[in-house]
Amino acid sequence: MRIVHSLSLLLALAPLAAQGTPATAAASRPAGTEFRAPSGSFSLVLPPGWSVLTPDQARLLRRTQPGFPKDLLELVPGRYYHVGAVARWLEGGFDGRAVTFLEQEGALTVDEAGIAAVRESVAEHARTQGTRLELAGVELVRLGIRQHPAIAARLLAEAEDGPITVLRHYVPTGTRLLVVSLRARTADAADAIALWQEHLPTLSCAQPPREAASSGGKLLYAAVLGALIGTLLLVLRRRRVP
């Protein structure tokens, strides 16, 4: 049974990506704490009160809050991790908002071939994993302080805590692919996306995307599919995990 969403809901949500010139981004720096990735590959300003979920905190949430979304408790420090209002989560105040960062080796061209790869991988993931996953929109964007080229996608799905909307950015940097995914309950998606888009312009990547050698759609598909499978934010299970 597919998720049905009206066009009016999609149009009500904010655009897929935060745009603007580097000067504008610098002048309108939002409040919050600057976060630097452990790999040194990027930095950005997190919303006030947000921090990185540590392995100890994830274990505590798993032990004390059985209803907490299991996909947000999976961590690979330095490569796959989540940020959000962690202090509030630990007090039982999870509001459905979180951002996941995935860093992996791989190439993705920021062009129509890259968009086609994203579309194909989402469809394949939904089919093979048996998940409710719908691609609501995808486009080429410029992101962050240096207007870094990226692909932005909006996905609609069903998570353990109900229907969610995910705003995901695929950001090639050097020889790696950074995948940044904001998830929010669909009823809260417009406000959550608006908040995140205040902070996306502060993104700064250490390296520009490297020009990928053309080796056909299969290579692109493999890179993006690996990101989708690796990031459990959208590995939405068919039934709740006890």
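We number each residue from 1, following the sequence as shown.
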Verify side chain to side chain donor-acceptor pair (under 3.5 Å) between T186 and T165, making sure each step is shown before the conclusion. CA-CA 5 Å; T186 296; T165 295; 3.2 Å; yes

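- To the nearest 0.5 Å, the span separating NE2 on H82 from CG on L102 amounts to 10.0 Å.
- Of the charged side-chain nitrogens involved, at least one lies within less than 4.0 Å of a carboxylate oxygen, so that E103 and R176 count as a salt-bridged pair.
- Using a 4.0 Å cut-off between charged side-chain N and carboxylate O, R185 and D188 make no salt bridge.
- Proximity of a side-chain donor or acceptor of R146 to a complementary backbone N or O of S204 within less than 3.5 Å is not detected.
- In this structure, W50 and W196 have parallel ring planes: the angle between them is below the 30° cut-off, well short of the 60° mark.
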With side chain to side chain contact (heavy atoms under 4.5 Å, CB included) as the test, would you mind laying out the steps for I164 and E158 before giving the verdict? CA-CA 6 Å; I164 66 170; E158 192 74 26; over 6 Å; no

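- Under 4.0 Å is where a charged nitrogen must lie from a carboxylate oxygen, and between E124 and R127 at least one such pair does.
- The side-chain heavy atoms of H169 and L143, taken from C-beta on, include a pair separated by under 4.5 Å.
- The closest side-chain heavy-atom distance from R154 to L135 is not below 4.5 Å.
- Heavy atoms only, all atoms of each residue included: G92 and Q65 are closest at N-NE2, 3.5 Å.
- Between V179 and Q104 the shortest side-chain heavy-atom distance does not fall below 4.5 Å.
- In this structure, L53 CG and R59 CZ are separated by 10.5 Å, a value rounded to the nearest 0.5 Å.
- Within the 4.5 Å cutoff, side-chain heavy atoms of D71 are placed close to those of E160.
- Under the 4.5 Å side-chain criterion, counting only non-hydrogen atoms from C-beta, F42 is in contact with L203.
- Under the 4.5 Å side-chain criterion, counting only non-hydrogen atoms from C-beta, L44 is in contact with F35.
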Go through the steps for L61 and F94 under the test side chain to side chain contact (heavy atoms under 4.5 Å, CB included), then give the verdict. CA-CA 11 Å; L61 287 169; F94 180 66; over 6 Å; no

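- With E91 contributing its side chain and R88 its backbone, the two residues share no donor-acceptor pair below 3.5 Å.
- Side-chain contact check for P55 versus P77: some heavy-atom pair is nearer than 4.5 Å.
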When you look at F101 and Y80, which way does the ring-ring contact (aromatic ring centres under 6.0 Å, His included) test go after all the steps? CA-CA 6 Å; F101 296 103; Y80 176 68; over 10 Å; no

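- Side-chain contact of D111 with T109: a donor-acceptor pair under 3.5 Å is present, judged by distance alone.
- Transitive grouping of hydrophobic side chains (ILVMFWY, heavy atoms separated by less than 4.5 Å) brings V110 and L177 into a common cluster.
- Counted by atom type alone, T100 and R183 present zero donor-acceptor pairs between their side chains at under 3.5 Å.
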Could you please spell out the steps behind the side chain to side chain contact (heavy atoms under 4.5 Å, CB included) verdict for V138 and R119? CA-CA 8 Å; V138 60; R119 290 185 183 279; 3.2 Å; yes

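- Tested against L182 for a side-chain contact (heavy atoms from CB on, under 4.5 Å), the candidates L200, V99, V83 yield a single pass: V99.
- Distance check: L90 CG to Q57 CD gives 5.0 Å after rounding to the nearest 0.5 Å.
- Nearest approach of S51 to V86, heavy atoms of both residues: O-CG2, 3.4 Å.
- At a threshold of 4.5 Å between non-hydrogen side-chain atoms, the residues V171 and C205 count as touching.
- In this structure, R168 contributes its side chain and S181 its backbone to no donor-acceptor pair below 3.5 Å.
- Residues I115 and I151 approach most closely at N-CD1, 3.8 Å, considering heavy atoms.
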